[in-house]
Number of protein chains: 2
Amino acid sequence: MARPRSFDPDDVLEIARQVFWQKGFQAASLDEITAASGIAKPSLYAAFGDKHALFLRVLDRYHDGILGWAERTLAQPGPAREAIRQWLTGFIPYCSGEKGQRGCLSINSATDGSLDQAALRKSIERYNRRLEELLCTRLRADRAQFKKGFDPDITAHTVMVVHAGLMALAHQTPDSKQVKAVIDQVMSLLA
Amino acid sequence: MARPRSFDPDDVLEIARQVFWQKGFQAASLDEITAASGIAKPSLYAAFGDKHALFLRVLDRYHDGILGWAERTLAQPGPAREAIRQWLTGFIPYCSGEKGQRGCLSINSATDGSLDQAALRKSIERYNRRLEELLCTRLRADRAQFKKGFDPDITAHTVMVVHAGLMALAHQTPDSKQVKAVIDQVMSLLA
DNA sequence: TCCATTATGTACTTTTAAGTACAGAACTTA
DNA sequence: TAAGTTCTGTACTTAAAAGTACATAATGGA
């Protein structure tokens, strides 16, 4: 029994994500987001709260997207190594060439010193924990495939480090072949 | 034949580095730097130019420091693997525990979307190129120690990726033992 | 049809931080 | 010691961006 919203919040989050991803949290202004989305500021504030809260929503959405895809990819049948290789390979477009310029929104946010807000840190930590958990679970499940002495926990963390490194170096837009070669080399650890 | 400077530019760069490292480029204000250094803004501007130019000076100094240390460490006698392991191990204080919070100034800057300035990009690229070159040179020199089929170029890049990943995940202040375990596992690739 | 309620858009306030004008201080050299 | 030059500090201007007040529009229900 009131005037209905004239926009889909999801659409706005999508646009806000693009702006934040392109510019970073600090450099992205709400004016840019209102301009890009056509939504006036008071509506934004009413729907999402202040800039930090909006960013948190955007980041959580981003995390959910990647986690969903990781869950699907890592649940694949076949050797764990191939599932993980495929997961990492899926990032190649985002850490080389044109799309690579932006890197990973989560890592960009984590390395942004201005974002030491508790809520942000928690979101990123939860995301990383969950991702590592997925890797770990898969490696443990397929433990029999590996050599004696293989440590799934450490290996999962190593894969996390490699993933973070690829995304951090994405801003230099490396050659995708080079990225692929690194993935191949690291995958030789899963034996 | 004029009034001399009342401060050592190097001291100011050191203080500016701390502020930029702590807060990030955007969030660090010149007022904080003037407060921390005791130097008034007009003196800062006269000595270093605007905020971007000051940051560039700070970053170049930072790069030089790390490169100098890398040159010394990687020139060590003995197996290449041990030299590189020692090099990576040296970063442990900076990617775990208390100091780790800040991560790496260069990587933080690279992932900061607001810094797509040409000069910044070039500085970071040159730094990464030089670092990879040092690794590469060392691995090539010790080629005989490795198995047939060992590729020093790809391996150097893999080490770069691992280094970047460790520094990117530094903000989560992981346990130093975990970091060490990852380094050990990756070093097994140098065989 | 009128009312209560919630969204919208314009235009504002406020804050913060970058950058600078200018007067005066400190030094060198003639 | 005076002139010329460059540095320093106070206080300012300016710009940008976060957040909001308020009048108005759109809806569901009585």
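In what follows, chains carry the letters A, B, and so on, assigned in the order in which the sequence lines appear, proteins first and then strands, with residues in each chain numbered from 1. Computed over heavy atoms, backbone and side chain alike; hydrogens, waters and symmetry mates excluded.
- A:E133 meets the salt bridge (charged side-chain N to carboxylate O under 4.0 Å, His left out) test with A:R130; sequence neighbours excluded.
- Considering only the side chain of A:S29, D:dA17 comes nearest among C:dT20, C:dA17, D:dA17.
- At a threshold of 4.0 angstrom between heavy atoms, the contacts of A:A27 with the nucleic acid are absent.
- In this structure, CG of B:D31 is placed 15 Å from P of D:dC12, rounded to the nearest angstrom.
- Residue pairs that meet the salt bridge (charged side-chain N to carboxylate O under 4.0 Å, His left out) test with at least one member in residues 149-171 of chain B, sequence neighbours left out, are B:R140-B:D153.
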Along nucleotides 2-11 of chain C, 5' to 3', which nucleotides get a B, which get an S, and which get a -, given that the test is a protein heavy-atom distance under 4.0 Å?
---BBBSBB-
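- The stretch residues 16-25 of chain B has no heavy atom under 4.0 angstrom from DNA chain D at all.
- Between the side chain of B:T111 and the backbone N or O of B:N108, at least one donor-acceptor pair lies under 3.5 Å.
- The structure places CG of A:L120 at 6.0 Å from CZ of A:F55, a figure rounded to the nearest 0.5 Å.
- For the segment residues 48-59 of chain A, the set of residues with a heavy atom within less than 4.0 Å of an atom of DNA chain D comprises A:D50, A:K51, in numerical order.
- Listed by chain and residue number, nothing satisfies the salt bridge (charged side-chain N to carboxylate O under 4.0 Å, His left out) test with B:R81 (two or more places apart in sequence, or in another chain).
- The ring-ring contact (aromatic ring centres under 6.0 Å, His included) analysis of residues 121-144 of chain B, with sequence neighbours excluded, yields the pairs B:H63-B:Y127.
- Remark: A:R102 engages A:W21, A:Q22 in a side chain to side chain contact (heavy atoms under 4.5 Å, CB included) (not counting sequence neighbours).
- For the pair A:L30 CG and C:dT15 P, the interatomic distance rounds to 18 Å; values are reported in whole Å.
- For A:K122, there are no salt bridge (charged side-chain N to carboxylate O under 4.0 Å, His left out) partners, not counting sequence neighbours.
- Annotation: salt bridge (charged side-chain N to carboxylate O under 4.0 Å, His left out) contacts involving residues 41-53 of chain A, sequence neighbours excluded, comprise A:D31-A:K41.
- Residue pairs satisfying the ring-ring contact (aromatic ring centres under 6.0 Å, His included) criterion with at least one member in residues 170-191 of chain A, sequence neighbours excluded, are absent.
- For B:D10, the salt bridge (charged side-chain N to carboxylate O under 4.0 Å, His left out) criterion is met by B:R61, not counting sequence neighbours.
- Remark: C1' of C:dA18 and CD of A:Q26 are 15 Å apart, rounded to the nearest angstrom.
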